[in-house]
2 protein chains.
Amino acid sequence: MTDNAKYDQMAVIMKAMAHPTRLFILDKLSEKEHCVCELQELIGADMSTVSKHLSVLKNAGIIDNRKQNNQVFYSLICPCVLDVYQCVIEVNKLKKY
Amino acid sequence: MTDNAKYDQMAVIMKAMAHPTRLFILDKLSEKEHCVCELQELIGADMSTVSKHLSVLKNAGIIDNRKQNNQVFYSLICPCVLDVYQCVIEVNKLKKY
DNA sequence: TGGCTATTTGGCGAAATAGGAAAATAGAAG
DNA sequence: CTTCTATTTTCCTATTTCGCCAAATAGCCA
């Protein structure tokens with residue numbers, strides 16, 4: 001399999017996005033930045049769980065964060081993530097069951 | 001978390017793509033259709049492993065197949081998968097280490 | 001029918017992922 | 001300095017994913 005590393009790197013990013021909660025987070029962040037507690041409220045899971053999802057996205061290089069007082073605000077780095085959404089939605093529409 | 005099912009469905013498709021070998025397969029199929037044995041040759045893994053990767057992609061509705069004699073040819077259903085590639089590559093470029 | 005080739009399926013152990021609880025950390029505020 | 005709040009990290013357990021092997025299946029062709 002040629003150029004192994006290329007696909008490994010891509011898989012890291014895709015894997016980071018491949019979770020319902022993380023897709024939800026990205027969707028929210030595409031509108032505006034949010035702090036962890038806002039996202040936790042919207043998601044309804046344990047704060048530590050939300051924090052871990054955020055760090056997965058951060059490590060993959062998809063989102064960034066900034067600290068303001070004792071809150072951490074997360075934001076989307078690359079808006080092209082929305083293109084991915086479009087494609088996935090299209091694949092779903094074409095799907096035969 | 002509103003509209004839970006939407007993100008679940010999206011995650012199924014993203015998860016199916018989120019593996020180096022499957023990304024490689026999609027890349028190959030974006031050029032032209034391939035039978036399982038051709039892909040197996042390119043990938044170098046066990047035939048059963050390749051077959052399972054293909055069935056993951058098929059179940060997600062990303063690829064389709066047709067039988068010709070005793071071979072099975074797989075092909076991409078939706079070319080927009082390449083847009084996803086573009087985005088992932090862009091995210092990688094922006095990545096700070 | 002029987003053999004041959006291509007592919008899929010089932011099973012199993014190893015590794016990765018998920019999520020809650022509790023502990024650790026960071027910074028603001030009293 | 002102590003407390004409080006927001007967040008992250010660690011620990012533990014349950015579940016899922018991965019990849020090989022062996023067995024099953026499907027469709028040719030003699």
Side-chain angles (χ1 to χ4, degrees), chain A residues 1 4-5 7-26 28-29 32-76, chain B residues 1 4-5 7-26 28-29 32-76:
Chain A
M1 190 154 110
N4 212 302
Y7 297 103
D8 285 347
Q9 287 180 346
M10 291 178 74
V12 169
I13 296 171
M14 296 293 290
K15 251 184 233 176
M17 297 180 69
H19 188 288
T21 301
R22 295 198 288 266
L23 287 168
F24 175 81
I25 289 172
L26 292 175
K28 285 299 156 198
L29 295 184
K32 67 175 205 286
E33 66 170 17
H34 285 283
C35 69
V36 184
C37 60
E38 286 170 338
L39 292 169
Q40 194 243 329
E41 182 99 1
L42 291 166
I43 294 166
D46 197 282
M47 169 87 82
S48 70
T49 300
V50 175
S51 177
K52 271 184 270 186
H53 282 309
L54 288 164
S55 84
V56 169
L57 292 168
K58 176 108 193 296
N59 288 333
I62 301 172
I63 63 177
D64 201 4
N65 63 11
R66 69 181 177 85
K67 296 189 184 181
Q68 183 177 12
N69 297 328
N70 54 352
Q71 288 185 311
V72 180
F73 286 85
Y74 282 88
S75 57
L76 219 53
Chain B
M1 190 158 107
N4 212 303
Y7 298 103
D8 285 349
Q9 288 181 345
M10 291 179 73
V12 169
I13 296 171
M14 296 293 291
K15 251 184 233 176
M17 296 180 69
H19 187 289
T21 301
R22 295 198 286 268
L23 287 168
F24 175 81
I25 289 172
L26 291 175
K28 284 301 156 196
L29 295 185
K32 67 175 205 286
E33 65 170 17
H34 284 282
C35 68
V36 183
C37 59
E38 287 170 340
L39 292 169
Q40 193 243 330
E41 183 98 0
L42 291 166
I43 293 165
D46 197 282
M47 168 88 82
S48 70
T49 300
V50 175
S51 176
K52 271 185 235 184
H53 281 309
L54 288 164
S55 84
V56 169
L57 292 168
K58 176 109 194 296
N59 288 332
I62 300 172
I63 63 178
D64 200 2
N65 63 9
R66 71 180 177 86
K67 296 188 185 180
Q68 183 177 11
N69 298 329
N70 53 351
Q71 289 185 311
V72 180
F73 285 86
Y74 281 88
S75 57
L76 219 54

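Letters A, B, ... are given to chains in the order of the sequence lines, protein chains preceding strands, and every chain is numbered from 1.
- When distances are taken from the side chain of B/His19 to each of C/dT17, D/dC18, D/dT8, the shortest belongs to D/dC18.
- A/Val12 approaches A/Ala60 most closely through the heavy-atom pair O-CB, 4.3 Å.
- Closest contact between the side chain of B/Thr49 and the listed nucleotides D/dC20, C/dA6, C/dG19 involves D/dC20.
- Distance B/Phe24 CZ to D/dG19 P: 14 Å, rounded to the nearest Å.
- At D/dG19, one or more side-chain N or O atoms of B/His53 fall inside 4.0 Å of OP1 or OP2 (strictly under the cut-off).
- Between A/Asp8 and A/Asn4, the closest side-chain pair of non-hydrogen atoms falls below 4.5 Å.
- In this structure, of C/dG10, C/dG19, C/dT8, it is C/dT8 that holds the atom nearest to the side chain of B/Tyr74.
- Although no hydrogens or angles enter the test, the distance criterion places no donor-acceptor pair under 3.5 Å between the side chain of A/Gln71 and the main chain of A/Gln68.
- For B/Gln40 (side chain) and B/Ala45 (main-chain N/O), a donor-acceptor pair under 3.5 Å exists by modelled atom type.
- One donor-acceptor pair, N or O on each side, does fall under 3.5 Å between the base of D/dT10 and the side chain of A/Lys52.
- In the set C/dT5, D/dT7, C/dT7, the nucleotide with an atom closest to the side chain of B/Cys35 is C/dT7.
- Side-chain to base pairing of A/Ser48 with C/dA21: one donor and one acceptor N or O lie within less than 3.5 Å of each other.
- Computed from coordinates, the A/Lys58 NZ to D/dT8 P distance equals 9 Å when rounded to whole Å.
- Considering only the side chain of B/Ser51, C/dT9 comes nearest among C/dT9, D/dA6, C/dA18.
- Ring geometry, A/His19 versus A/His53: the interplanar angle falls from 30° to 60°, so the pair is classed tilted.
- The distance from atom CG of B/Leu54 to atom C1' of D/dG19 is 14 Å, rounded to the nearest whole Å.
- B/Met10 has its side chain out of reach of A/Pro20: every pair of non-hydrogen atoms, C-beta onward, lies at least 4.5 Å apart.
- Distance CG (A/Leu39) to P (C/dG19): 15 Å, rounded to an integer number of Å.
- Residues A/Val50 and B/Gln68 both approach DNA chain D. Their nearest nucleotides, taken by heavy-atom distance, put A/Val50 toward the 5′ side.
- Counting to the nearest Å, the C1' atom of D/dT8 and the CG atom of A/Leu57 are 15 Å from each other.
- Between the CE atom of A/Met47 and the C1' atom of C/dA18 there is a distance of 18 Å, given to the nearest Å.
- For the pair A/Lys67 and A/Arg22, both in contact range of DNA chain C, the more 5′-proximal nearest nucleotide belongs to A/Arg22.
- Residue A/Ala45 has its side chain nearest to C/dG20 when only C/dG19, C/dG20, C/dT7 are considered.
- Rounded to whole angstrom, the span from the CG atom of B/Leu23 across to the C1' atom of D/dC18 amounts to 15 Å.
- Across D/dC21, C/dA21, D/dT5, the shortest atom-to-atom separation from the side chain of A/Asp46 is found for C/dA21.
- Between B/Ile43 atom CD1 and D/dG19 atom P there is a gap of 10 Å when expressed in whole angstrom units.
- Between A/Asn69 and B/Phe73, it is B/Phe73 whose nearest contact on DNA chain C lies nearer the 5' terminus.
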